[in-house]
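Input: a single structure, listed below in structure tokens.
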Amino acid sequence: MPGYTTVSGVRTRHTAIGEGDPLVLPHGGFSDSRDFGPSPARLADRFRPHLPDRRCRAPASPN
């Protein structure tokens, strides 16, 4: 479920789905977490994928 988290004073969009061991999926420099398409959902039965979005890269980003 998408939400926001603050790390070192920077508010960042973050999505985590599934159960199990955490698996962080960083996106490329000029994209956002949507580039992963259906892959995180496919991993969610074994892992808990975390999809952070860089500042100003998230869909409808307030920053």
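Start at 1 with the first residue, then count along the sequence.
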Distance check, rounded to the nearest 0.5 Å: Phe36 atom CZ versus Thr15 atom OG1? 11.5 Å

So, for Ala44 and Pro49, which heavy atoms are closest and what is the spacing to 0.1 Å? CA-CD, 4.0 Å

If you take all heavy atoms of Ser33 and Arg13, which pair is closest and at what distance? OG-NH1, 4.0 Å

Output the distance between atom CG (Asp53) and atom NE2 (His14), rounded to the nearest 0.5 Å. 9.5 Å

What distance do Ile17 atom CD1 and Leu43 atom CG have between them, rounded to the nearest 0.5 Å? 8.0 Å

Check for a donor-acceptor pair, side chain of Arg48 on one end and backbone N or O of Gly18 on the other, with a separation under 3.5 Å. yes

